[in-house]
Amino acid sequence: MTSPKPALLQLLPFPFPHTQERLAKHFDVIELWNAPDAQAVIDARKDEIAVLVTSAMTPTRAELIDQLPNLKAICSQGVGYDAIDVKHAQQKGIQVSNTPDVLNDCVADLAFGLLLAAARKLGHAERYVRANQWGGDVAFPLGTKVSHKKLGIVGLGRIGMAIAQRATGFDMEVRYHNRRQREDVTLGYEPSLKELASWSDFLIVATVGGASTRKLIDQEVLRALGPKGILINISRGSVIDEQAMVDALVSGELGGAGLDVYEAEPTVPDALKTLDNVVILPHIASATNETRLDMLNLVLDNVDAYATTGKLLTPLPAL
Ligand code: 8YV
């Protein structure tokens, strides 16, 4: 018997118990990750599926979208949408939502965590203590002061602004690079990314991922940041030429790095794991109980809004 509710294809589980009940309020939920043969489920149910729930880390490509002739809305958990073929969906009249703003604080907090960890060698220092090296023959090396330094931000969007706000607490001078200068902020604008890198003590990458920013941070930018410079990335691995960064860190052309994201996650270049001037995290910038709950609730609110009004709450603009 066909369910009276339209179907919702959920690509991944969320670790909050209210999720399934909320989704099931208006939809017959297909838990794809539980299906022994995902393709068979899609083939059997494709005509019923009106809504798809996904995340910034779950590829949602044209090949999947094209198999769902009655798909009307894609609701994604996360602010980035480079893993979703948004333009393709929009051209087919499918609305796509992400979860902006609710993660700004946690992502900006982690950017500063990485900056402090890389500059003050926190990971290295912790390994030193755990290895019982404190008090031994090898003194722990001196770090780099953070307060009163120059911070460059690549991508002054909502997260970039939250990072700039935190920098004021460290009495830092802040400049930024965007494709266009923002009329609504008084921070120094640097039209050349290379110039920004050579001015900066620390460069934080907070721009969008995807084709428009691919390898924006290239060898030239890394050289401009220089042997004392520290690069922080909380955006997407694709924004940095990863091989050039690894080479620059190994050779000492770049001073250090604090990374939450990589080109081919969860693969982290082995060379990075051996370097003490690098802090490497497993893509956790938004990963707090509070923020992940807020992100999930925004997904659920988008799903409800679609069910009751036919419109998403936080739709992406037409690309
Ligand atoms: C992911 C992220 O959403 O928001 C983004 O763009 O990269 C992360 O916050 C999260 O890891 C997916 O669950």
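Note that ligands are numbered from 1 as they come in the structure, with each ligand's atoms numbered from 1 the same way.
At the top of the distance list for atom 11 (O) of ligand 1, counting protein heavy atoms only, stands Arg292 NH2, 3.0 Å. From the protein, the heavy atom lying nearest to atom 12 (C) of ligand 1 is Gln77 OE1, 3.0 Å. When hydrogens are left out, the protein atom nearest atom 4 (O) of ligand 1 is Val79 N, 2.7 Å; that is the closest non-hydrogen contact. In terms of protein heavy atoms, atom 3 (O) of ligand 1 is closest to Gly78 CA, 3.2 Å.
Atoms of ligand 1 lying under 4.0 Å from any heavy atom of Met295, numbered from 1 in the order shown and given with element: 3 (O), 9 (O). Close contacts of ligand 1 with Gly80, meaning ligand atoms under 4.0 Å from a residue heavy atom, involve 4 (O), 5 (C), 6 (O). Residue Ser286 has at least one heavy-atom neighbour below 4.0 Å for each of these atoms of ligand 1: 8 (C), 9 (O). Heavy-atom proximity to Arg236, at under 4.0 Å, picks out these atoms of ligand 1: 2 (C), 5 (C), 6 (O), 7 (O).
Every N/O-N/O distance between Ser55 and ligand 1 stays at or above 3.5 Å. Below 3.5 Å of separation, one finds no N or O of Leu103 facing any N or O of ligand 1.
Under 4.0 Å is where a charged nitrogen must lie from a carboxylate oxygen, and between Arg223 and Asp218 no such pair does. The pair Asp82-Arg214 fails the salt-bridge criterion, with no side-chain N (NZ, NE, NH1 or NH2) lying under 4.0 Å from an Asp/Glu carboxylate O. Residues Glu48 and Lys46 are not paired through a salt bridge, judged by the lack of any N-O separation under 4.0 Å between the basic side chain and the carboxylate. Using a cut-off of 4.0 Å between Lys/Arg side-chain N and Asp/Glu carboxylate O, Glu265 and Arg236 are scored as not salt-bridged.
Residue pairs meeting the salt bridge (Lys or Arg N to Asp or Glu O under 4.0 Å) criterion with at least one member in residues 309-318: none, sequence neighbours excluded. Annotation: salt bridge (Lys or Arg N to Asp or Glu O under 4.0 Å) contacts involving residues 130-151, sequence neighbours excluded, comprise Glu126-Arg130.
Contacts of His283 with ligand 1, taken as heavy-atom pairs under 4.0 Å, involve the side chain alone.
For Lys228, the NZ atom counts as loosely surrounded, since its 6.0 Å shell holds 12 or fewer non-hydrogen atoms of other residues, nucleotides or ligands.
Of the residues Ile65, Leu64, Leu8, the one that meets the side chain to side chain contact (heavy atoms under 4.5 Å, CB included) test with Leu52 is Leu64.
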